[in-house]
A.B. asks: 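Dumping the structure here so I can ask a few things about it.
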Amino acid sequence: MTNDVSVRGVSKRWGVRPVLAGLDLDVRAGEIVAVLGRSGTGKSTLLRIIAGLEVPDAGEVRIGGVDLTATRPGERGVGMVFQHSPLLPHLSVGENIGFGISRRRRLTGEAVQRVERAASLVGCLDLVDRRPGGLSGGERQRVALARALVRTPDVVLLDEPLSSLDVHDRADVRGVLRDALVGSGSTAIHVTHDQAEAFAVADRVAVVDGGVVQQVGTADDLYERPANVTVARLVGTPRINLFVASGGSVGPFVVSGEVADGDVVGIRPAAFTIVSPRTDGAVDARVRSVEIADDMAVVRAEIGTGTGTEVMEVSVTTGRNERPTPGEEIGLAREVARHVVLESAAESS
Ligand SMILES: Nc1ncnc2c1ncn2[C@@H]1O[C@H](COP(=O)(O)OP(=O)(O)OP(=O)(O)O)[C@@H](O)[C@H]1O
């Protein structure tokens with residue numbers, strides 16, 4: 001295959017502000033990679049550079065090993081889908097999809113087949129005779145995707161394609177999107193700030209922050225083995241709890257395995273166990289708030305830090321039916337089964 005994407009040392013400033021700072025990213029042929037990052041971290045800028053719509057200050061982009069620095073957007077074999085992809089209102093859905101391969105409104109034999117294939121890839125074959133005006137947001141984005149895929153591009157770039165949809169449409173279209181991308185054989189780079197979407201659509205996720213890729217990996221890699229504090233805080237809902245280790249303990253908790261003084265240690269909310277209040281050896285806590293998320297409850301509780309009178313808040317998840325109430329005294333088992341060392345004091349000194 002010749003449609004792998006390689007981004008090497010790409011930098012871009014807007015005015016004095018560096019947005020991308022020597023960013024590297026490798027996407028294998030046929031792979032779907034999501035670029036996940038907070039708002040304003042340069043994700044769209046990166047996509048536009050790959051598409052040839054922006055020129056980087058430094059670095060290069062290769063598709064299939066070919067340096068594209070001097071290649072115009074239309075010649076890069078790249079298709080794009082945006083958050084709001086404009087459809088032409090006076091054309092039918094089929095004609096809109098066909099617009100990707102021909103400026104002529106009346107399509108001939110082979111073009112009709114290609115439109116039908118693209119429409120069926122995204123599950124909108126039944127819409128081809130409709131006008132875009134009456135389509136739902138989810139339907140419109142599926143049509144926009146079909147219009148990008150009809151050209152059988154080497155690479156599809158998707159810039160927040162689902163973020164204008166309501167939660168239900170978003171969840172439905174995610175699956176369609178992944179199946180269509182896999183079915184097309186194109187390499188895909190999907191920009192989003194929604195981690196659930198990134199994990200649902202992509203084979204691997206690249207976390208971007210500070211103008212560089214912080215870590216690339218599967219959902220398990222990023223959740224279980226985040227490379228640093230930045231990734232640990234961006235991946236996982238509710239957020240990971242952070243502690244600085246001291247005297248072999250992590251705040252008032254004890255983890256399996258050794259930790260050195262000054263290590264920054266992360267404990268996921270699901271790794272804590274709630275026990276009865278004032279259980280021998282448990283950590284006393286008071287519930288500040290409880291939020292229900294489907295079958296899970298997110299409990300925010302105040303604990304002593306183990307270093308005096310200071311208190312800190314930890315997030316703990318539990319089953320919806322086992323949840324305590326705000327204000328209640330609870331205990332947290334002192335021994336925590338899983339943790340991750342995010343910064344080693346020995347390395348940073
Ligand atoms: N053409 C431009 N001129 C000046 N500044 C720009 C331009 N395009 C983007 N920026 C700035 O660069 C930064 C990164 O923007 P970009 O849209 O790439 O981020 P993003 O991660 O895609 O954000 P979002 O998720 O909010 O879309 C922002 O601060 C933005 O204001």
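When a ligand or atom number is given, it counts from 1 through the structure's own listing order. We use all heavy atoms of the structure for the numbers below, so side chains are in, but hydrogens, waters and symmetry mates are not.
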A.B. asks: Restricting to side chain to side chain contact (heavy atoms under 4.5 Å, CB included), what partner residues turn up for R286, sequence neighbours left out?
C.D. replies: E329

A.B. asks: On the 0 to 90° scale, with breaks at 30° and 60°, tag the F272-F243 ring pair as parallel, tilted or perpendicular.
C.D. replies: perpendicular

A.B. asks: What distance separates R174 CZ from D194 CG, expressed to the nearest 0.5 Å?
C.D. replies: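 Interatomic distance, R174 CZ to D194 CG, rounded to 0.5 Å: 6.0 Å.
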
A.B. asks: With sequence neighbours excluded, what pairs up with S289 under the side chain to side chain contact (heavy atoms under 4.5 Å, CB included) test?
C.D. replies: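 Expected list: R300.
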
A.B. asks: Would you confirm whether the ring centroid of Y223 sits within less than 6.0 angstrom of the ring centroid of F199?
C.D. replies: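 Between Y223 and F199, which both carry aromatic rings, the centre distance is not below 6.0 Å.
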
A.B. asks: Please enumerate all residues that pass side chain to side chain donor-acceptor pair (under 3.5 Å) together with H339, with sequence neighbours excluded.
C.D. replies: none

A.B. asks: So which residues, sorted by chain and number, lie with a heavy atom under 4.0 Å of ligand 1?
C.D. replies: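 Residues near ligand 1: W14, R17, V19, R38, S39, G40, T41, G42, K43, S44, T45, E160.
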
